[in-house]
Each structure stands twice: as structure tokens, then as C-alpha cells.
Amino acid sequence: MIRRLLSPTLLACTVALAGCAASTPTYSSGAGGTTSPSATGSTPASSPTPTPSATTEPDCRKLKCIALTYDDGPSTLTPQLLKAFTDRKATATLFMLGNAAETYPETVRKAHQQGFEIANHTYDHKPISGLSDEKVAWEVAQTNKALARITGQTPTLMRPPYAARTSRTDRVVGRNGLAVVVWNNSPEDWVASNQSAEAITRLTLQRSSRNSIILMHDIHPWTVEAAPAIIDGLHEQGYTLVTVSQLLGSTTPGAVHPKA
């Protein structure tokens, strides 16, 4: 969720982990994340083919691409975020919690149908670096099943909450068919001094660069409110907004992106 890999902010936020997570909403959960019950699932329901934001895949070798990503949803704010992007014919990647997806399945389905990339952010936002292999596997597998039941498509990307990962957890995630995605930069929308749409817009535009993966959260109203100005500002700077998969191309399960 809110760690920038190998940054001072990450180190400071890791020390104060509980405080950083305080703004994360509590979602209803059908299963406890502290145990590893047998995951149950059903055959994914069919869904309409997503409508891409462009008729052809963008070539990021030639274009000035950037991938905006949003963690911790879906939430009651996510439909507003989707509208900001679709109104501007732009796209993003949504790293979703399994229990939140089960709470707001229509939002997940709508995002998928509109061409947003749906990715895995674990079931209930635990820092997986402190979990056993069995529990890490449950977190990612249960989330993939929840998202696949709703969209008919199984995610291929996973972001560990707080970027709390190790080579061991990367291997477990990889055995579940997922590549690991962290980020290059962020407007740090969890920091108190940044909690306005104006600040999030300014920081995102300042910190963006070609082929960046930008971290934000669609649980924060100031972040969602900033989306129109961010999209317009990036377009004015010549960026093409793409999903993480469009930016990276093919990925290998267990591999970490972006590479340090």
C-alpha cells in the first residue's frame, strides 16, 4: 500500500506501520486472514470482453508511457475515479483487496468491463513478509478467486501491502502465477500535509517520469478528486496513460517490477 521501495519514506513508514495503515478502511470479510482455511471457489462467471482505451496496444518503446495505479479498493469512491478516467479515454491499474472486491462486486465488474487492469493486493491487507508460506498463498489465492469469480479473468500481477516482501514471499506469489509489482514514485497521499486534491495533483505531476509506475489509493477522497487534473496534466506533458501490463509487457511469475 504505502511504501516506496528503497526510499526514506518507506523506512520511516515501516517503523510506524500501524499509523500508516490507520486510514485503510475495514471491509467485511467472509474469512479470517489470520488462519488458513481451505479456499473455496467456483468456476469464474463469464463477463463481457473489456473495452480497451485504444484500438491498438500502445508501444511504450516509442511513446512516453506512464502507469497510474490505485491500491486498497474498491471503495465507495472508486466509481468516481473510474468516471474521471473513462471521460478522458484513459486507463489505470487497480490493485484490489479480495474482501473489498466481495463487498463491491459491481464496481469491480464495471472497472473490468471498462478496460481497467484488475490486480491482486491480497485478501485483507496484511503485510505478507511476516506470514507463513501457507498464509501468503491463501492471501493471494483467495483474492485471485474472488476477482476471477467477478470478472471472469484471473489477475497476473500482485502488489504486497506496504511493499512488505522478501525473496521467499516472491516465490510463493510466483507459485500462484503472479508477478510482483511495487512502484517508482508516489505523491504519498497518506501523508497529512499532502491530503488535498491540489497537493496530490502537484506532487504527481512533479514526480512523474517516462515508464514510471505511480502509487496512489482510491480510498482517499483527495486522491480521487485529483484524478481529473492529474490525467489532464499528464496528457498535456505528452504522456500516454497505460496499464502496468501494457507498460511491462510479458511478465514472469515471481519476478519483481520495477527492477531495483
Side-chain angles (χ1 to χ4, degrees), residues 1-28 66-88 90-97 99-101 103-104 107-108 111 116-117 119 121-122 124-127 159-164 181-209 212-237 239 241 244:
M1 168 187 164
I2 53 175
R3 302 291 191 275
R4 179 156 32 141
L5 193 62
L6 299 179
S7 71
T9 301
L10 170 58
L11 296 176
C13 207
T14 303
V15 173
L17 182 59
C20 292
S23 63
T24 303
T26 301
Y27 299 100
S28 59
I66 192 168
L68 301 184
T69 68
Y70 293 85
D71 285 11
D72 297 357
S75 74
T76 56
L77 299 172
T78 305
Q80 180 183 343
L81 180 75
L82 302 183
K83 187 176 188 304
F85 276 85
T86 56
D87 284 353
R88 291 161 177 78
T91 192
T93 299
L94 309 177
F95 285 90
M96 293 186 170
L97 297 173
N99 60 3
T103 302
Y104 301 107
T107 300
V108 179
F116 293 86
E117 181 167 25
H121 195 44
T122 73
D124 50 13
H125 210 270
K126 287 185 171 60
R159 174 174 284 162
Y162 315 105
V181 175
V182 283
W183 56 91
N184 303 100
N185 223 316
S186 172
E188 299 174 320
D189 57 0
W190 60 91
V191 175
S193 59
N194 298 342
Q195 292 178 6
S196 71
E198 292 78 12
I200 298 304
T201 300
R202 174 176 50 80
L203 291 169
T204 301
L205 296 179
Q206 287 176 351
R207 296 176 180 181
S208 293
S209 59
S212 286
I213 299 174
I214 304 294
L215 168 70
M216 289 179 277
H217 301 84
D218 54 328
I219 59 171
H220 298 319
W222 46 89
T223 300
V224 173
E225 290 165 9
I230 289 172
I231 298 166
D232 292 344
L234 290 172
H235 282 163
E236 289 170 5
Q237 292 180 16
Y239 284 99
L241 275 62
V244 172

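This is a predicted model, so every value here is computed, not measured.
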Which heavy-atom pair separates Ile219 from Gly73 by the least distance, and what is that distance?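 That would be CG2-N, 4.4 Å.
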
Using every non-hydrogen atom in the two residues, find where Ile66 and Ser212 come nearest and quote the distance to one decimal.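 Between these two residues, the closest heavy atoms are CG1-O, 3.6 Å.
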
With side chains defined as the heavy atoms from C-beta onward, is the minimum distance between [X] and [Y] less than 4.5 Å?
X      : Y      : value
Lys126 : Pro161 : no
Val224 : Pro221 : no
Asp72  : His125 : yes

When you measure from the side chain of Thr93 to the backbone N and O of Val244, does any donor-acceptor pair fall under 3.5 Å?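 Flag set: sc Thr93 to bb Val244 pair under 3.5 Å.
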
Leu241 vs His235, side chain to side chain contact (heavy atoms under 4.5 Å, CB included): CA-CA, chis, key distance, verdict: CA-CA 8 Å; Leu241 275 62; His235 282 163; 3.9 Å; yes

Once salt bridge (charged side-chain N to carboxylate O under 4.0 Å, His left out) is applied, what residue pairs with a partner in residues 216-231 remain, sequence neighbours excluded?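 Pairs touching residues 216-231 that pass the test: none.
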
Under 30°, 30 to 60°, or over 60°: which ring-plane class applies to His220 and Trp222, parallel, tilted or perpendicular?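 Parallel: the ring planes of His220 and Trp222 meet at under 30°.
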
Determine whether Phe116 and Tyr70 satisfy the following criterion, side chain to side chain contact (heavy atoms under 4.5 Å, CB included), listing intermediate values before the conclusion. CA-CA 11 Å; Phe116 293 86; Tyr70 293 85; over 6 Å; no

Separation between CG of Leu215 and CG of Asn185, rounded to the nearest 0.5 Å: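 The distance works out to 9.5 Å.
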
For Asn184 and Ser209, run side chain to side chain contact (heavy atoms under 4.5 Å, CB included): C-alpha distance rounded to whole Å, both residues' side-chain angles, the deciding distance at 0.1 Å, then the answer. CA-CA 9 Å; Asn184 303 100; Ser209 59; 6.0 Å; no

Can you check side chain to side chain contact (heavy atoms under 4.5 Å, CB included) on Thr223 and Leu81, steps first, answer last? CA-CA 9 Å; Thr223 300; Leu81 180 75; over 6 Å; no

